[in-house]
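Here the structure is a predicted model, which means the values were calculated and not measured.
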Amino acid sequence: MDYEAGIAIIHNENKVEPVNSAYLTFKSGYQNKTHKHYDDLSITYYNDGHDILVDSGKYSYDMTNPIRDYIISPEAHNTIYIKNKEYILKKL
């Protein structure tokens with residue numbers, strides 16, 4: 001668990017065939033806005049060599065880029081969101 005990033009990882013390693021391992025990640029909360037997306041409650045799941053649930057990765061740190069704006073939005077993540085609504089990231 002990484003409290004600063006707000007992520008928990010559950011990993012089940014297959015020592016015989018590592019590609020067939022499994023992991024689940026869950027994001028909730030954060031302590032630092034340095035690399036924060038609007039992705040609270042998003043999950044990823046990998047099992048037996050396959051990504052089952054995926055989340056967007058990094059694209060660019062250019063804050064004027066419309067593609068980057070989309071990638072950090074809730075719509076680009078596998079989380080719950082209400083269309084045309086935003087939640088505020090608070091300073092901690």
Side-chain angles (χ1 to χ4, degrees):
M1 177 159 300
D2 183 331
Y3 291 100
E4 186 170 328
I7 188 168
I9 301 169
I10 299 168
H11 182 233
N12 183 14
E13 182 181 11
N14 183 325
K15 294 186 186 294
V16 176
E17 293 287 334
V19 71
N20 292 332
S21 296
Y23 71 81
L24 175 76
T25 66
F26 179 71
K27 289 186 132 186
S28 177
Y30 60 96
Q31 298 298 316
N32 186 329
K33 283 178 50 176
T34 302
H35 185 77
K36 178 65 183 150
H37 293 189
Y38 294 90
D39 59 352
D40 289 320
L41 306 179
S42 69
I43 60 173
T44 62
Y45 181 54
Y46 175 91
N47 191 35
D48 291 332
H50 302 283
D51 286 314
I52 308 300
L53 296 172
V54 296
D55 208 37
S56 64
K58 69 179 187 176
Y59 176 74
S60 169
Y61 289 101
D62 179 1
M63 299 310 284
T64 62
N65 187 314
I67 295 172
R68 165 120 174 109
D69 292 343
Y70 172 75
I71 286 176
I72 66 170
S73 76
E75 296 157 305
H77 296 277
N78 58 6
T79 189
I80 299 167
Y81 77 97
I82 300 172
K83 192 172 183 174
N84 299 320
K85 298 285 183 183
E86 290 186 6
Y87 63 93
I88 298 170
L89 298 177
K90 297 179 182 178
K91 285 187 174 186
L92 298 175

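Note on I52 and F26: same hydrophobic cluster, where clusters join Ile, Leu, Val, Met, Phe, Trp and Tyr whose side-chain heavy atoms are under 4.5 Å apart, directly or indirectly.
Distance check: K27 NZ to I9 CD1 gives 10.0 Å after rounding to the nearest 0.5 Å. We find the CG-CG distance between N20 and D48 to be 5.0 Å, quoted to the nearest 0.5 Å.
Closest approach of A22 and N47 over heavy atoms only: CB-OD1, 3.3 Å.
Classified by interplanar angle (parallel below 30°, tilted 30° to 60°, perpendicular above 60°), the ring pair H11/Y23 is tilted.
For the side-chain contact (heavy atoms from CB on, under 4.5 Å) test with Y45, the passing option among L24, I10, V54 is L24; the others fail.
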